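Here's the structure we're looking at; comments come further down.
Numbers here simply count residues along the sequence, with the first being 1. Predicted model only: the values in this text are computed from it and were never measured.
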Amino acid sequence: MDITLPNLPPSFYDEHANLRHVLQAARHHITPPDVVLASVLCRIATTIPVTSTIHRSPMNYIVAYVGESGLGKTTGQAVAKRLIPNVGTELDGIGIGSGEGIIQAYLQEQKVENDYGDKVTQNVQVHKAALFYVDEGEHLLTVGKREGSTTMPILRNAWSGQLLGTSGAKSSTTRRLLDNTYRFVLGVGIQPNYAVQLLAGKDAGTPQRFVWAYACDPYLPNGPTPSFPSILELTPPTPSAFRIDNDIRDIVETRQRDVLRSGKHNDEYESHFTQLQLRTAVLLGLLCGTDGTVNAFTWNLAAQYLEVSNNIRKALQEYAAMTQRQQVRDRNVEWVETSLERDQLKDERGTDRIARLIGKHVNGRSMRRNEAKSRLHQRDRHLFDAAVERAVEHGYITEVIQGDGHELQRGPNPFVT
């Protein structure tokens, strides 16, 4: 089953010169611009100091690049790195092996002195930021499904900047990251079929934290390939909380009150939408040369961006529902066909059995059709006509017209028990 997902329209990239800059870089490499843009946002997020928050929440960020294999998900990452070569950490594009591995990426084993003056091996945080990249989301799902796996819970907690840690019997096996002491950014390349599986984890809250981008460029023009633009020169973010204009803050707090009063979100997949919009607004603002303040321009820009993201998610959900309905139909058809084959085989065997029985009755004397039929059990009478034909075919009986009816007589090859 084919699936078509939405993309950001060209008008979005026309909103600012730096957005056009990103689009030109993508077109130069003939790779999906939405993937390049999402990757650029991830790289900007990685550069933000851990002390910089938005509405009391960290600027951690997760993006899923949806597309079939070979459509530019990984290439888009490379183009973004060319636009922003340095994210301030050597943990740039590292993979994910497990939940514990995510924590360990920030840590390093060092010899430290304990309270007793002894030298012991301990995991010490040496990195504040990491940009993770999973080339195939299937791996992430496979790891997450393993019994006892902590990968998905750690992803969720890392997005929220919560305490991450596992306690071991020894200090060397204890890994811990304190609240809001790390920057966690993740890009996941994922094919539609596996994206559907990821969306199935809504009850735990995993897909609600994702921003979605489609690896496609339906607006790609013909003609010469544009040159690659220069490196993006962006102002480094300050190590303090990002400001929110009062009119935007009113919108945010009104949403919070509405949810608290009703006790639920209108769409369970949008439970973190406001927080995603705030974070995305900051990142788009930094990309567009601002100090990251969430104002009407960046707020509306983020709304456009996340509308496409949500429509991708909804299209994937519909794709999942259609796939499920088709699987149900296929199973039903298979069941009906199997049942018909079984019933047909049963009738074939029953026809042969009744043909022999009719031959046995007629072997001794001739009889009318109705009499022969009356000798059968009620459950077998629906096969009588077919059984007579079969009995004639095998030569057990012959059928002749006598007077006002059909008479069954002994055939050339009478059935003998």
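- Judged by distance alone, with hydrogens and angles left aside, the side-chain atoms of Thr293 form no donor-acceptor pair with the main-chain N or O of Ile244 at under 3.5 Å.
- The aromatic rings of Phe132 and Phe184 lie tilted to each other, with the angle between the two planes from 30° to 60°.
- Side chains of Asp247 and Trp299 form no contact here, defined as non-hydrogen atoms less than 4.5 Å apart.
- Arg342 meets the salt bridge (charged side-chain N to carboxylate O under 4.0 Å, His left out) test with no other residue; sequence neighbours excluded.
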Practice item. Might you work through the side-chain hydrogen bond (donor to acceptor under 3.5 Å, both in side chains) test for Tyr133 and Ser39, ending with a clear yes or no? Key: CA-CA 10 Å; Tyr133 179 60; Ser39 302; over 6 Å; no
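- Without hydrogens or angle criteria, Lys373 side chain to Arg368 main chain gives no donor-acceptor distance under 3.5 Å.
- In this structure, Asp380 does not pair ionically with Arg375, as no charged nitrogen and carboxylate oxygen lie closer than 4.0 Å.
- Residues passing the side-chain contact (heavy atoms from CB on, under 4.5 Å) test with Asn311 are Pro6, Glu307, Lys314, sequence neighbours excluded.
- The aromatic rings of Phe228 and His29 sit perpendicular to each other, their planes meeting at more than 60°, with 30° as the lower class boundary.
- Between Thr89 and Lys128 there is no side-chain heavy-atom pair separated by less than 4.5 Å.
- Considering only residues two or more places apart in sequence or on other chains, Pro32 meets the side-chain contact (heavy atoms from CB on, under 4.5 Å) condition with Val35, Ala215.
- Nearest heavy atom pair, residue Asn157 against residue Tyr182, reads O-OH, 3.6 Å.
- For Tyr13 (side chain) and Pro33 (main-chain N/O), a donor-acceptor pair under 3.5 Å exists by modelled atom type.
- Using a distance-only test at 3.5 Å, with no hydrogens or angles considered, a donor-acceptor pair links the side chain of Arg20 to the main chain of Asp14.
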